[in-house]
Amino acid sequence: MRLAESKKYEILNEIAEKEGIIIFGGSEDCEIPLGELRQAFAIDEKMYNRSIEGLSVKDARAEYTECVEALAPEAVLLHIGAADLVAFEENPLEFDNKYRELIEHIKTRNQKCRIAVVSLRNYDNDPVISNMNTHLKYIAESENCEYGDIANRRVWNPKNTKDAVEFVYSIGFVRSLKNKRSMYDLVKILFLECFSVSGTGRR
């Protein structure tokens with residue numbers, strides 16, 4: 001299955017525009033409805049989903065090279081760890097090292113790429129997930145990356161966010177200054193809104 005996904009992404013990368021925003025995550029991220037979310041929240045930037053079923057941090061560097069690197073992304077949202085919970089509990093240091101290796105690989109290949117490390121959802125207060133999220137936060141801070149915390153349920157009104165985005169863009173303020181969209185705004189839109197729409201109990 002993973003070989004088929006990698007081959008599919010390799011073909012898509014040949015026709016995709018470079019320097020976009022990439023979601024690089026695991027199983028729960030594969031079905032994020034990018035088209036609908038881009039339209040709803042007036043996202044003009046190029047966006048691609050290169051998530052892979054069952055993606056482990058151990059394989060992430062190699063998969064990034066095959067599925068993402070050719071796109072020379074302007075920003076990458078990393079949502080990795082759900083497939084590594086058992087291994088993390090046994091050896092958290094190895095998890096940390098593999099995650100840092102992935103970030104270093106991305107930076108080496110593309111020094112201007114913005115990187116966000118996205119936490120795992122932890123609505124049931126699982127202690128292993130909580131510990132992993134603590135590690136992810138430290139990794140993000142130590143590697144000068146953004147940290148997107150989606151662990152806990154939050155009162156977030158997507159309609160208000162949508163209305164605010166539409167107003168700011170309608171007056172041309174953001175585009176005239178050529179500001180890059182906030183990484184955490186992207187995390188909220190792509191991970192929190194998608195999850196609220198799906199209504200599933202996934203992590």
Side-chain angles (χ1 to χ4, degrees), residues 18-26 28-29 32 34 37-38 41-52 55 57 60-61 63-64 67-69 71-84 88 92 95-123 129-158 161-162 164-165 168-169 174-175 177-196 203:
K18 294 184 177 181
E19 299 182 355
I21 297 167
I22 309 295
I23 300 171
F24 187 56
E28 71 179 60
D29 307 307
I32 291 177
L34 275 185
L37 292 172
R38 287 184 69 223
F41 290 91
I43 300 174
D44 292 331
E45 293 91 340
K46 301 179 290 289
M47 299 190 72
Y48 305 104
N49 191 343
R50 293 297 181 262
S51 299
I52 297 171
L55 181 63
V57 71
R61 178 175 167 176
E63 295 291 356
Y64 181 91
C67 303
V68 180
E69 198 167 292
L71 293 172
E74 183 274 318
V76 176
L77 308 179
L78 300 175
H79 192 213
I80 300 169
D84 297 286
F88 170 80
F95 175 85
D96 293 356
N97 288 339
K98 290 294 183 182
Y99 215 115
R100 286 193 169 94
E101 286 176 10
L102 170 62
I103 292 173
E104 181 60 29
H105 178 75
I106 296 172
K107 289 181 176 180
T108 299
R109 296 299 191 275
N110 186 350
Q111 296 180 0
K112 295 181 180 180
C113 182
R114 296 185 295 156
I115 302 172
V117 175
V118 182
S119 72
L120 300 188
R121 295 185 188 91
N122 192 17
Y123 295 173
I129 297 176
S130 179
N131 191 24
M132 177 180 280
N133 284 340
T134 298
H135 280 244
L136 290 173
K137 183 177 181 180
Y138 289 152
I139 290 169
E141 291 174 350
S142 66
E143 300 299 323
N144 295 313
C145 300
E146 296 282 340
Y147 178 65
D149 185 3
I150 62 169
N152 302 312
R153 293 186 187 275
R154 288 181 173 77
V155 177
W156 179 58
N157 189 324
T161 300
K162 180 177 180 292
V165 167
V168 171
Y169 276 73
V174 173
R175 280 294 172 259
L177 293 180
K178 297 183 179 179
N179 286 346
K180 293 179 180 178
R181 190 178 295 267
S182 158
M183 293 285 272
Y184 192 55
D185 281 349
L186 288 170
V187 169
K188 286 192 298 183
I189 291 169
L190 296 172
F191 295 96
L192 293 179
E193 173 61 6
C194 178
F195 181 68
S196 68
R203 286 171 181 155

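Just so it is clear, the model here is predicted, and its values are computed rather than measured. Every heavy atom of this structure was used, including side-chain atoms; hydrogens, water molecules and symmetry mates were not.
Proximity of a side-chain donor or acceptor of S119 to a complementary backbone N or O of N133 within less than 3.5 Å is not detected. A side-chain donor-acceptor contact under 3.5 Å links R38 to the backbone of E45. Y184 contributes a side-chain N or O that, together with a main-chain N or O of D149, makes up a donor-acceptor pair within less than 3.5 Å. A donor-acceptor pair is defined here as one N or O able to donate and one able to accept, closer than 3.5 Å; no such pair exists between the side chain of R114 and the backbone of S182. Side-chain N or O atoms of K107 include one that pairs as donor or acceptor with a backbone N or O of E143 at under 3.5 Å. No side-chain donor-acceptor contact under 3.5 Å links D29 to the backbone of I23. Within the 3.5 Å criterion, the main-chain N or O of V57 finds a donor-acceptor partner in the side chain of D84.
Across every non-hydrogen atom of G148 and V187, the tightest pair is CA-CG1, 4.2 Å. In this structure, E146 and A140 approach most closely via the heavy-atom pair O-CB, 3.8 Å. Closest heavy-atom contact between L71 and I22: CD1-CD1, 3.5 Å. Between M183 and A75, the closest heavy-atom pair is SD-CB, 3.9 Å. Smallest separation of non-hydrogen atoms from I32 and L37: CG2-CD1, 4.0 Å. The two residues G81 and M132 have their closest heavy-atom pair at O-CE, 3.4 Å.
Shown here are the side chain to side chain contact (heavy atoms under 4.5 Å, CB included) partners of N131, two or more places apart in sequence or in another chain: F88, H135. Evaluation of the salt bridge (Lys or Arg N to Asp or Glu O under 4.0 Å) rule for E69 yields R109 as partners, not counting sequence neighbours. Remark: S142 engages R100 in a side chain to side chain donor-acceptor pair (under 3.5 Å) (not counting sequence neighbours).
Ring centroid separation for the pair H79 and F24 does not come in under the 6.0 Å cut-off.
Summarising the geometry, atom CD1 belonging to I21 is positioned 9.0 Å from atom NZ belonging to K46; distances are rounded to the nearest 0.5 Å. Distance check, rounded to the nearest 0.5 Å: CD of E19 to SG of C113 gives 10.5 Å. In this structure, the separation between CG on L120 and CD1 on I80 is 10.5 Å, given to the nearest 0.5 Å. With values rounded to the nearest 0.5 angstrom, E101 atom CD is found 11.0 Å from D96 atom CG. Atom CG of residue L78 and atom CD1 of residue I139 lie 10.5 Å apart, to the nearest 0.5 angstrom. Taken from CG in L55 to SG in C67, the straight-line distance is 9.0 Å, to the nearest 0.5 Å.
Counting heavy atoms from C-beta outward, V118 and Y147 have side chains that stay 4.5 Å or more apart. Residues V76 and Y64 meet the side-chain proximity criterion, which asks for heavy atoms closer than 4.5 Å.
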Going through the checks in order, is the side-chain contact (heavy atoms from CB on, under 4.5 Å) test met by K98 and L102?
CA-CA 6 Å; K98 290 294 183 182; L102 170 62; over 6 Å; no
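Here E74 does not pair with K112 in a salt bridge; the nearest charged N to carboxylate O distance is not below 4.0 Å.
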